[in-house]
Amino acid sequence: MTFRALSVPRSVELAASCGMWAVEWSSRVHVPTHDLAAAREARERCADAGLAVSAYGSSHRVGVSPPADWPPVLATARELGAPEIRATAGDSGSASTSPARRAEVVAAVRAAAEDAGRFGVRLSLARLPGTLTDTLESAVLLAAEVGHGAAVPCWRSTGGQRAASAVEEVRALLPRLTAAYVGSRDRDGRRLPAAAREDLWMPVLRELARDGVERHVVLESAAEDVRADAAVLLGWVSAAA
């Protein structure tokens, strides 16, 4: 998504030249669902450049999108060689979702996770407003309700978030948290260069590194200079490790 205006070859070239280790491909840009040829090209381009595929960023809304839409998403992710599929849980926030509706979404998440798990793929639920992961409490509860090892959380900071709050959230989602999205924003949601929030990201990255489990920190470049953001992130990761 960071390189949405670029072709697959150019995206791979830029990611590799920035020193990145992996790429998450999006269904909205480079690897549309059902397009197995595009998935194969992205996988092969990454392999040739020495990059892993970290995840398939789908637009699938579990419990909202028709169940028949899930198998093609999973098939595309498998062709891509993605170990995880990013998706969202439901289409309403936790406070406005009735118990009955929540139970429906939980059942849909469990079914999708079971399908993915059979192929060694994880279902990674994005932390987003307007879904059942909109609050930390609801995200933790959802994981317990689903109760399937292939359903895992990923984490994204809110704009202007304080470091103590971010570390608390990350800690609550560990050890099953598999990815965190690094993008710096101010309180109004405006994008900032990554370096502007070192006060946030260094404590978060140290927390992610504490148990020695391999996880992805995904650069959502906000500045005009993606190379500068990438260099900052790599420096932080090295220091945190």
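- Of all the heavy atoms in G160 and R187, the pair that sits closest is O-NH1, 3.7 Å.
- A continuous path of Ile, Leu, Val, Met, Phe, Trp and Tyr side chains, each step under 4.5 Å between heavy atoms, connects W201 with L219, placing both in one hydrophobic cluster.
- Residue W155 holds its CH2 atom at 10.5 Å from CG of L136, rounded to the nearest 0.5 Å.
- Counting only N and O atoms by type, the side chains of R227 and S17 include a donor and acceptor under 3.5 Å apart.
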**Request:** Check the pair L174 / R210 against side chain to side chain contact (heavy atoms under 4.5 Å, CB included), numbers first and verdict last.
**Result:** CA-CA 10 Å; L174 292 174; R210 280 168 61 93; over 6 Å; no

**Message:** As a quick check of understanding, evaluate side chain to side chain contact (heavy atoms under 4.5 Å, CB included) for L208 and L177, giving each step before the final call.
**Reply:** CA-CA 9 Å; L208 289 169; L177 179 65; 3.6 Å; yes

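- With side-chain heavy atoms closer than 4.5 Å counting as contact, directly or through intermediates, the hydrophobic cluster containing V62 also holds V8, V12, V23, W25, V31, L51, V53, Y56, W70, V73, L74, L80, I85, V105, V106, V109, F119, V121, L123, L125, L132, L142, V146.
- Residues satisfying the side-chain contact (heavy atoms from CB on, under 4.5 Å) criterion with S98, sequence neighbours excluded, are A100, R101.
- Under a hydrophobic-cluster definition in which Ile, Leu, Val, Met, Phe, Trp and Tyr are linked whenever side-chain heavy atoms come within less than 4.5 Å, directly or via other members, L173 and V217 are assigned to the same cluster.
- Legend: residues meeting salt bridge (charged side-chain N to carboxylate O under 4.0 Å, His left out) with D115, ordered by chain and number and at least two apart, are R118.
- Residue pairs meeting the salt bridge (Lys or Arg N to Asp or Glu O under 4.0 Å) criterion with at least one member in residues 135-145, sequence neighbours excluded: R102-E145.
- Remark: side-chain polar atoms of S96 are paired, donor with acceptor, to backbone N or O of G93 under 3.5 angstrom.
- Note that CZ of R191 is 11.5 Å distant from CG of D186, once rounded to the nearest 0.5 Å.
- Atoms CZ and OG, on R45 and S7 in that order, are 7.5 Å from each other to the nearest 0.5 Å.
- Annotation: the span from E207 atom CD to E168 atom CD amounts to 11.0 Å, rounded to 0.5 Å.
- Between G90 and V64 the shortest heavy-atom distance is C-CG2, 3.5 Å.
- For residues 16-39, the salt bridge (Lys or Arg N to Asp or Glu O under 4.0 Å) pairs, not counting sequence neighbours, are E24-R86.
- Among all heavy-atom pairs drawn from P193 and S184, the shortest one is O-CB, 3.5 Å.
- Looking at every heavy atom in both residues, A126 comes nearest to T88 through CB-CG2, 4.4 Å.
- Other residues, nucleotides and ligands place more than 12 heavy atoms under 6.0 Å from the CZ atom of R110.
- With sequence neighbours excluded, the residues satisfying side-chain contact (heavy atoms from CB on, under 4.5 Å) with R40 are L36, A37, R43, E44, E79.
- In this view, S165 and Q161, E169 satisfy the side-chain contact (heavy atoms from CB on, under 4.5 Å) rule, not counting sequence neighbours.
- Here ring-ring contact (aromatic ring centres under 6.0 Å, His included) pairs that include residues 121-153, with residues two or more places apart or in two chains, number zero.
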List, one per line, each side-chain donor-acceptor pair under 3.5 Å for residues 230-241, sequence neighbours excluded.
none

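- Side-chain contact between P153 and R127 is absent, with no heavy atoms from C-beta onward closer than 4.5 Å.
- Between the CD atom in E220 and the OG1 atom in T2 there is a gap of 6.5 Å [rounded to 0.5 Å].
- One N or O on the side chain of D211 and one on the backbone of V213 form a donor-acceptor pair closer than 3.5 Å.
- Contact record, A196 with D199: O-OD1, 4.0 Å, taken as the closest heavy-atom pair.
- Summarising the geometry of P32 relative to A38, their closest heavy-atom pair is CD-CB, 4.3 Å, with the distance given to 0.1 Å.
- S157 has its side chain out of reach of R185: every pair of non-hydrogen atoms, C-beta onward, lies at least 4.5 Å apart.
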**Request:** Evaluate side chain to side chain contact (heavy atoms under 4.5 Å, CB included) for T76 paired with S27, printing each intermediate quantity in order.
**Result:** CA-CA 9 Å; T76 307; S27 66; over 6 Å; no

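- Ion pairing of E13 with R10 is present here, as a side-chain N (NZ or NE/NH1/NH2) and a carboxylate O approach within less than 4.0 Å.
- R162 CZ: 12 or fewer foreign heavy atoms inside a 6.0 Å radius.
- Alongside L128, the hydrophobic cluster contains no other residue (criterion: ILVMFWY side chains under 4.5 Å).
- R215 has its side chain within reach of P175: a pair of non-hydrogen atoms, C-beta onward, lies under 4.5 Å apart.
- Under the salt bridge (charged side-chain N to carboxylate O under 4.0 Å, His left out) criterion, D48 pairs with no residue at all, not counting sequence neighbours.
- Chaining together hydrophobic side chains whose heavy atoms lie under 4.5 Å apart places V218 alongside Y181.
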